[in-house]
Amino acid sequence: MNQNYVTTPISAHEMGHCLDLWHTFQGTKPGTSGCAENINGSNCITCGDKVCDTPADRGFGTENGYTPDLNNIMSYYTSTSARFTEGQKSRMKTSIFNNSVLTNVIGNNCIIPTLSTNKQNYCAGENIVYTLLNGGSNVVWNVSSTVDIISQNSNSITVKPKSIYEKTAFVEAKLPFQTLKKEVWIGTPLVALNMYCNDVFITTCDMNYGGAASSLPFGSKITLSLQGKGTNTTGINDWEWEKGFGNFIFTTGDYSTNPVNNGNGNIGQTAIIQINGSGTIQLKARAKNSCGTGDWKYIMYSVTM
């Protein structure tokens, strides 16, 4: 196999052939050997790819009653083929157990390299220790530009953030046959607004630009939910909302929310706002973690009623 294809789905595709899998269109596509599988799969045991949970496939996509699995690794439909079916997995296992060469490599004590840290979020100035288990002695370390290397050996590497600003950092352990990567967050958290603007690094979110309706009935309620980087928080008090200006209040509804300060604020990852008039509104949200409280995310929304 060409080296350029080793880390692509082509590698899994060719391994499937080695373990007794046919193309999903085998026998059914004109010009291929074998017998054609019926659309209803009634002869799936003996025809087609001989796997009954892969739909019949003529190799031309969804057409003339055929509805093939367009994401199957053994198809030819996409370079991002993503899956084997349970039937295909079973056929490959059977191939391994019935092959005298492959049965010699079957084991229950596989040694799998892992790269880990003792937590996911770190504060500015903290050393970050990455530990490599079962990686062997031939490892090459690579780090993101946001950290400096303090020390390293074949089993671990210690790095330190370069600045105090919120950011991601990663370390890669390059092994002979694979590369392991572990990412962490440095500093206080940054939040984003689900559905409308998912970028934590922008300071202002425009809900209209994100697809929110520009016209609503009076008193309409909108559910808002936060996500973020560095938000390893579980308590409702770790998420905070405040009203800036405009004709709205924080309220309750179908989801469990915690409006405070007579509707001028909310505590928790989810908030519900009730729009009580036309115009532009502004609210803001932020989160906190063990390093402190993050910056506000300003949220703008213009609506007519």
Side-chain angles (χ1 to χ4, degrees), residues 119-126 146 161 163-169 183-305:
K119 57 183 180 178
Q120 186 60 36
N121 298 333
Y122 289 82
C123 301
E126 273 191 280
T146 52
S163 70
I164 64 173
Y165 300 106
E166 298 90 349
K167 64 183 73 68
T168 56
E183 185 176 277
V184 298
W185 178 259
I186 301 170
T188 56
L190 296 178
V191 299
L193 189 63
N194 284 323
M195 293 180 60
Y196 302 107
C197 42
N198 295 322
D199 187 350
V200 301
F201 293 103
I202 61 173
T203 57
T204 301
C205 168
D206 186 333
M207 289 178 55
N208 298 94
Y209 185 79
S214 58
S215 179
L216 292 172
F218 180 87
S220 294
K221 293 182 178 181
I222 302 174
T223 301
L224 304 175
S225 179
L226 298 174
Q227 60 172 321
K229 295 283 190 178
T231 52
N232 61 332
T233 53
T234 57
I236 63 170
N237 292 324
D238 294 327
W239 308 83
E240 180 182 9
W241 308 71
E242 279 190 11
K243 179 177 180 178
F245 57 80
N247 295 317
F248 80 98
I249 60 170
F250 290 96
T251 186
T252 58
D254 295 334
Y255 295 87
S256 177
T257 58
N258 298 276
V260 296
N261 194 21
N262 296 318
N264 289 309
N266 187 81
I267 299 298
Q269 192 170 358
T270 300
I272 297 175
I273 58 173
Q274 178 177 308
I275 312 296
N276 295 325
S278 298
T280 298
I281 68 171
Q282 183 205 71
L283 57 149
K284 56 186 180 179
R286 63 183 180 181
K288 64 181 179 180
N289 61 16
S290 57
C291 301
T293 302
D295 294 337
W296 287 109
K297 171 77 72 178
Y298 290 89
I299 302 165
M300 307 296 296
Y301 180 37
S302 297
V303 63
T304 58
M305 294 188 164

Let me see the working for Tyr301 and Thr280 under side chain to side chain contact (heavy atoms under 4.5 Å, CB included), right down to the final yes or no.
-> CA-CA 6 Å; Tyr301 180 37; Thr280 298; over 6 Å; no
Interatomic spacing from OG1 in Thr204 to NZ in Lys284 - rounded to 0.5 Å = 11.5 Å
Does any non-hydrogen side-chain atom of Ile272 lie less than 4.5 Å from one of Phe250?
-> no
Counting only heavy atoms not in Phe201, do more than 12 sit closer than 6.0 Å to its CZ atom?
-> yes
Thr231 and Trp239, any side-chain heavy atoms less than 4.5 Å apart = yes
Rounded distance [0.5 Å steps], CG in Asn289 versus NZ in Lys119 | 9.5 Å
Verify, without hydrogens or angle tests, whether Glu126 (side chain) and Asn121 (backbone) share a donor-acceptor contact under 3.5 angstrom.
-> no
Test log, rule side chain to side chain contact (heavy atoms under 4.5 Å, CB included), inputs Leu190 and Trp185 = CA-CA 10 Å; Leu190 296 178; Trp185 178 259; 4.0 Å; yes
Of all the heavy-atom pairs spanning Gly268 and Trp241, show the shortest one and how long it is.
-> O-NE1, 2.7 Å
Give the C-alpha distance, both sets of side-chain angles, the deciding distance and a yes or no for side chain to side chain contact (heavy atoms under 4.5 Å, CB included) between Cys123 and Ile186.
-> CA-CA 5 Å; Cys123 301; Ile186 301 170; over 6 Å; no
Check for a donor-acceptor pair, side chain of Thr223 on one end and backbone N or O of Ala271 on the other, with a separation under 3.5 Å.
-> no
Determine whether Thr188 and Thr293 make a side-chain contact, defined as any pair of heavy atoms from C-beta on separated by less than 4.5 Å.
-> no
So do Met305 and Ile275 actually touch side chain to side chain, heavy atoms under 4.5 Å?
-> yes
So, Glu242 and Asn264: side-chain donor and acceptor under 3.5 Å apart, yes or no?
-> no
Hey, which of Asn208, Leu224, Asp206 is the one that makes side-chain contact (heavy atoms from CB on, under 4.5 Å) with Tyr196?
-> Leu224
Any idea which heavy atoms bring Val191 and Ala285 closest together, and the distance?
-> CG2-O, 3.7 Å
Got Gln227 and Met195 here, is their nearest side-chain heavy-atom distance under 4.5 Å?
-> no
If you round to the nearest 0.5 Å, how far is OG1 of Thr203 from CG of Asp295?
-> 9.0 Å
Can you find a pair of side-chain heavy atoms, one from Phe248 and one from Gln274, that are under 4.5 Å apart?
-> no
Tightest non-hydrogen contact, residues Met300 and Phe245, listed as CE-CZ, 3.9 Å
Does Ile273 reach the side chain of Lys221, with side-chain heavy atoms less than 4.5 Å apart?
-> no
Closest approach of Pro189 to Gly230 (non-hydrogen atoms, all atoms of both residues) = CB-O, 3.5 Å
Within-4.5 Å side-chain heavy-atom neighbours: Ile299 and Leu193 | yes
In this structure, CD1 of Ile281 is separated from CG of Asn276 (nearest 0.5 Å) by 10.0 Å
Start with the C-alpha distance between Thr168 and Val184, add both sets of side-chain angles, then the distance that settles side chain to side chain contact (heavy atoms under 4.5 Å, CB included), and finish with yes or no.
-> CA-CA 6 Å; Thr168 56; Val184 298; over 6 Å; no
Kindly check if the number of other-residue, nucleotide or ligand heavy atoms within 6.0 Å of NZ (Lys297) is above 12?
-> yes
Whether Lys243 side chain and Gly246 backbone form a donor-acceptor pair below 3.5 Å | yes
Minimum heavy-atom distance between Thr270 and Ser225, given as atom pair plus value = OG1-OG, 3.8 Å
